[in-house]
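So the structure is just underneath, and the comments pick up after that.
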Amino acid sequence: MTVRLADIVDVLDAAYPPRLAQSWDSVGLVCGDPSESVETVTIAVDATPAVVAQVPDRGLLLAHHPLLLRGVDSVSADTAKGSLIHSMIRTGRALFTAHTNADSAAPGVSDALALAMGLEVTEVLSPVPAGPELDKWVVFAPTADAAAVRAAMFSAGAGHIGDYSQCSWTVAGTGQFLPHEGASPAIGTVGAVEKVAEDRIEMVAPATLRAAVLAGLRSAHPYEEPAFDIVALQSAPGGVGLGRIATLPTPEPLSAFVSRVRGALPATSWGVRASGEPTAPVSRVAVCGGAGDSLLDDVAAAEVDAYVTADLRHHPADEHRRVSEVALVDVAHWASEYPWCGQAAQLLRDHFGDSLPVTVSDVRTDPWNVEGS
């Protein structure tokens, strides 16, 4: 069976949705013709010359880190990255990147890291909201005009919940107001307190439609000064996001847990270093593949015993340890993400079977390659 590049891209986009990528990231197809066939897939953390050399002609390189991300405005063949791109295009090879979208996907990079260490994932450390940002609208309108106000807000895009539209809630009440000099009340007179039978109307709308919904409300409401509230809602967390919280089969001292981490990951010159009380028990752990000190506040609030991640800087780590008892376990960036390569390989093998040979590159692309003695 011939496998097109487009077929592989569809599987990867479904597993690692591009919408989960951070706004600054660059993910997806870098080079290659989606209509052409692909004979093999090679998976690596980085697209380096040594890795690219392992990719057969008419093969796909699936890399975790983007090749073209920081300050790239030329792919001329006389530049380091441009040379790689040109060499791949000449031989019909393609390059695809799944980066922060693979970090947040479920399963994703942190799930693979937890699995490598023998941990059971229980929840997401920093979940992505399950849906778009929503407003809750509360509008007060004369009972006789309530239907027109609802209809105008619905037409502007409010009132959708899942597969349902025109969703709202209404309760009757009494509104009161006192028009002052200069007012032109639709009901009542200047200088006299007016009480009106009104409906309280509630519905939700995407925050992006706030201006349109307000315009619809005003167009249908009889008052020159309609009364309404807009409440920004907190989205419920979804099952995707950065980092994971996981548990050990049985509690063990921090020193033993650090040994577990060291044994689970490929060896690097960076090694594994930790900060904490060596004898403190560890049973509940936060993990984040790649640079993870941006999640230290989430870690401190997660009621975990230790946090495994990469690229912990001195000052954020120091500040964390001053205010939190959560131990820190710092590993090499490349090593923390390498288990994902096996996860992605299994994804493609499960989908395409023998029709698409998939290989995990054995090249260590960790830039730190010299150990002190």
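The structure displayed is predicted, hence computed values, not measured ones.
Side-chain contact between F96 and I8: absent, with no pair of heavy atoms (C-beta onward) separated by less than 4.5 Å. A heavy-atom distance below 4.5 Å is not found between the side chains of L254 and T279. Contact of the P226 side chain with the V139 side chain is not registered, since no non-hydrogen atoms from C-beta on lie closer than 4.5 Å. Considering only heavy atoms from C-beta on, D135 stays 4.5 Å or farther from L233 through its side chain. With a 4.5 Å cut-off on side-chain heavy atoms, L347 and Y16 count as touching.
In this structure, M153 CE and L217 CG are separated by 5.0 Å, a value rounded to the nearest 0.5 Å. In this structure, F140 CZ and T174 OG1 are separated by 12.0 Å, a value rounded to the nearest 0.5 Å. Taking CZ of R244 as the start and OG of S126 as the end, the distance is 10.0 Å to the nearest 0.5 Å. Taking CG of D103 as the start and OG of S110 as the end, the distance is 6.5 Å to the nearest 0.5 Å. Interatomic distance, L61 CG to T359 OG1, rounded to the nearest 0.5 Å: 11.5 Å. Interatomic distance, CG of L119 versus CG of D111, reported as 11.0 Å (0.5 Å rounding).
Among the candidates I201, D229, L214, the single residue satisfying the side chain to side chain contact (heavy atoms under 4.5 Å, CB included) test with W137 is L214. For the pairing with L12, the side chain to side chain contact (heavy atoms under 4.5 Å, CB included) check across L348, L29, V41 returns one residue only, L348. Of the candidates H315, R321, R322, H314, D318 forms a side-chain hydrogen bond (donor to acceptor under 3.5 Å, both in side chains) with just one, namely R322. Between Y307 and the options D298, V285, L125, V287, a side chain to side chain contact (heavy atoms under 4.5 Å, CB included) holds for only L125.
A donor atom on one side chain and an acceptor atom on the other are found under 3.5 Å apart for T170 and R150. No hydrogens or angles considered: a donor-acceptor pair under 3.5 Å links the side chains of D305 and S283. A donor atom on one side chain and an acceptor atom on the other are found under 3.5 Å apart for Q54 and D362. Side chains of S269 and W368: a donor-acceptor N/O pair is absent below 3.5 angstrom, by distance only. Donor-acceptor pairing under 3.5 Å is recorded for the side chains of H65 and E337. Residues D78 and S76 bring a donor and an acceptor atom of their side chains to less than 3.5 Å of each other.
The heavy-atom pair separating A327 from G276 by the smallest distance is CB-CA, 4.2 Å. A pairwise comparison of heavy atoms in A94 and L5 identifies CB-CD2, 3.9 Å as the closest pair. A pairwise comparison of heavy atoms in A141 and V149 identifies CB-CG2, 4.1 Å as the closest pair. The heavy-atom pair separating P66 from D25 by the smallest distance is CG-OD1, 3.5 Å. Taking both residues in full, the closest heavy atoms of V331 and S336 are given as CG2-CB, 3.7 Å, listed atom of the first, atom of the second, then distance. Here the closest non-hydrogen pair linking L95 and A47 is CD1-CB, 4.2 Å.
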I'd like to know whether D330 forms a side chain to side chain contact (heavy atoms under 4.5 Å, CB included) with W270, so could you lay out the CA-CA distance, the side-chain angles of the two residues, the decisive distance to 0.1 Å, and finally the verdict. CA-CA 9 Å; D330 190 33; W270 184 275; 3.3 Å; yes

Yes or no on side chain to side chain contact (heavy atoms under 4.5 Å, CB included) for R93 and L60, after CA distance, side-chain angles and deciding distance? CA-CA 6 Å; R93 291 176 289 180; L60 167 66; over 6 Å; no

Report the C-alpha separation of S168 and F154 in whole Å, then their side-chain angles, then the decisive distance to 0.1 Å, and conclude whether the side chain to side chain contact (heavy atoms under 4.5 Å, CB included) test is met. CA-CA 9 Å; S168 68; F154 292 152; 3.9 Å; yes

Can L68 and V75 be said to form a side chain to side chain contact (heavy atoms under 4.5 Å, CB included), step by step? CA-CA 9 Å; L68 306 178; V75 289; 4.1 Å; yes

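Sparse packing is recorded around CG of D297, with 12 or fewer heavy atoms of other residues, nucleotides or ligands lying under 6.0 Å away. Shown here is E120, whose CD atom has no more than 12 heavy atoms of other residues, nucleotides or ligands within 6.0 Å. Environment of CD in Q176: crowded, with over 12 heavy atoms of neighbouring residues, nucleotides or ligands closer than 6.0 Å. Dense packing is recorded around CG of D350, with more than 12 heavy atoms of other residues, nucleotides or ligands lying under 6.0 Å away.
Between R284 and E123 there is a salt bridge, with a side-chain nitrogen of the basic residue lying less than 4.0 Å from a carboxylate oxygen of the acidic one. Note on E36 versus R4: no salt bridge recorded, every NZ/NE/NH1/NH2 to OD/OE distance being 4.0 Å or above. Remark: R200 does not engage E198 in a salt bridge, criterion side-chain N to carboxylate O under 4.0 Å.
The aromatic ring centroids of Y223 and F177 lie less than 6.0 Å from each other. Ring pair H64/H333: centre-to-centre distance not below 6.0 Å.
Listed by chain and residue number, L265, P266, T268, A332 satisfy the side chain to side chain contact (heavy atoms under 4.5 Å, CB included) test with A335 (two or more places apart in sequence, or in another chain).
Hydrophobic clustering of Ile, Leu, Val, Met, Phe, Trp and Tyr side chains at less than 4.5 Å, counting indirect connections, unites I230 with L209.
No donor-acceptor distance shorter than 3.5 angstrom exists from the side chain of S37 to the backbone of V3, with no hydrogens or angles considered.
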